[in-house]
Amino acid sequence: MPVLAGDELGPADTARLGRAVRIAEEASGLSFSVYLTTSEKDSRAYALRLHGALDDPDRSVLLLCDPGSRVLEVVTGRAARRVLPDRVCALAAATMRASFVADDVVGGLWTGITQLGEAARQPPTLHGRTGDE
């Protein structure tokens, strides 16, 4: 669960984002990574490279945020995309950007991460198969 914050955040904010990642991962069963850093010129390509380097990119969600350049990228792997379609990611991105405009980067990321985790929540199984079936 990488939370790469560079010099942008203090320990309390980094811990807060780490907690949001854990909550989202527990709710969804997916892996979440947050990179709050200076992006390369082609932010999408950079985010895709970071995502591809993760341990399990197929089940991963990566958020790349560069507040200085006003960049936000959300990358989902194949399995993650099944429960987090583009429409859901776009809504979470809009929520995050609304907080960013108010200079609340950490709050925006917190809200977006937890929103994505809830959207991908795996419902509990109420009835399992038994050996009699």
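All figures in this text were calculated on a predicted structure; none of them were measured in a lab. Computed over heavy atoms, backbone and side chain alike; hydrogens, waters and symmetry mates excluded. Here, residue 1 is the first one in the sequence, and each next residue gets the next number.
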* For the atom pair CZ (Arg19) and CG (Leu17), what is the distance rounded to the nearest 0.5 Å? -> 12.0 Å

* Asked: Under 3.5 Å, is there a donor-acceptor pair between the side chain of His51 and the main chain of Pro57?
  -> yes

* To do: Begin with the C-alpha distance, continue with both residues' side-chain angles, and end with the deciding distance and a verdict on side-chain contact (heavy atoms from CB on, under 4.5 Å) for Met96 and Thr111.
  => CA-CA 7 Å; Met96 288 184 270; Thr111 303; 5.8 Å; no

* Measure across Gly117 and Ser28 and return the closest heavy-atom pair with its distance rounded to 0.1 Å. => O-CB, 3.8 Å

* **Leu63 side chain reached by Tyr35 side chain, heavy atoms, under 4.5 Å** => no

* **CA sep, side-chain torsions, deciding dist, call: Ile23, Trp110, side-chain contact (heavy atoms from CB on, under 4.5 Å)** => CA-CA 10 Å; Ile23 290 168; Trp110 167 273; 3.7 Å; yes

* Output the distance between atom OG (Ser33) and atom CG (Asp55), rounded to the nearest 0.5 Å. => 8.5 Å

* **Residues Arg22, Glu25: salt bridge by 4.0 Å N-O rule** => no

* **Worked verdict on Leu36 versus Cys65 for side-chain contact (heavy atoms from CB on, under 4.5 Å)** => CA-CA 5 Å; Leu36 180 60; Cys65 179; 3.7 Å; yes

* Are the side chain of Asp104 and the backbone of Ser99 linked by a donor-acceptor contact shorter than 3.5 Å? -> no

Distance-only criterion, 3.5 Å: show the donor-acceptor pairs between side-chain atoms of residues 81-93 and protein atoms not counting sequence neighbours.
{"from": "Arg81", "atom 1": "NE", "to": "Thr76", "atom 2": "OG1", "distance (Å)": "3.4"}
{"from": "Arg81", "atom 1": "NH2", "to": "Thr76", "atom 2": "O", "distance (Å)": "2.6"}

* Measure across Phe32 and Val21 and return the closest heavy-atom pair with its distance rounded to 0.1 Å. => O-CG1, 3.5 Å

* Atom CG in Leu109, atom CG in Leu72: separation rounded to 0.5 Å? -> 7.5 Å

* Asked: What residue pairs, at least two apart or across chains, pass side-chain hydrogen bond (donor to acceptor under 3.5 Å, both in side chains) with a residue in residues 59-69?
  -> Asp66-Ser69

* Can you name the closest pair of heavy atoms from Ser39 and Tyr46 and give their distance? -> OG-CD2, 3.7 Å

* CG on Leu48 to CG on Leu64, rounded to 0.5 Å -> 10.0 Å

* To do: Quick one: which residue pairs count as a salt bridge (Lys or Arg N to Asp or Glu O under 4.0 Å) with a foot in residues 33-44, not counting sequence neighbours?
  => Glu40-Arg49, Arg44-Glu73

* Of all heavy-atom pairs between Val105 and Phe100, which one has the smallest distance, and what is that distance? -> O-CE2, 3.4 Å

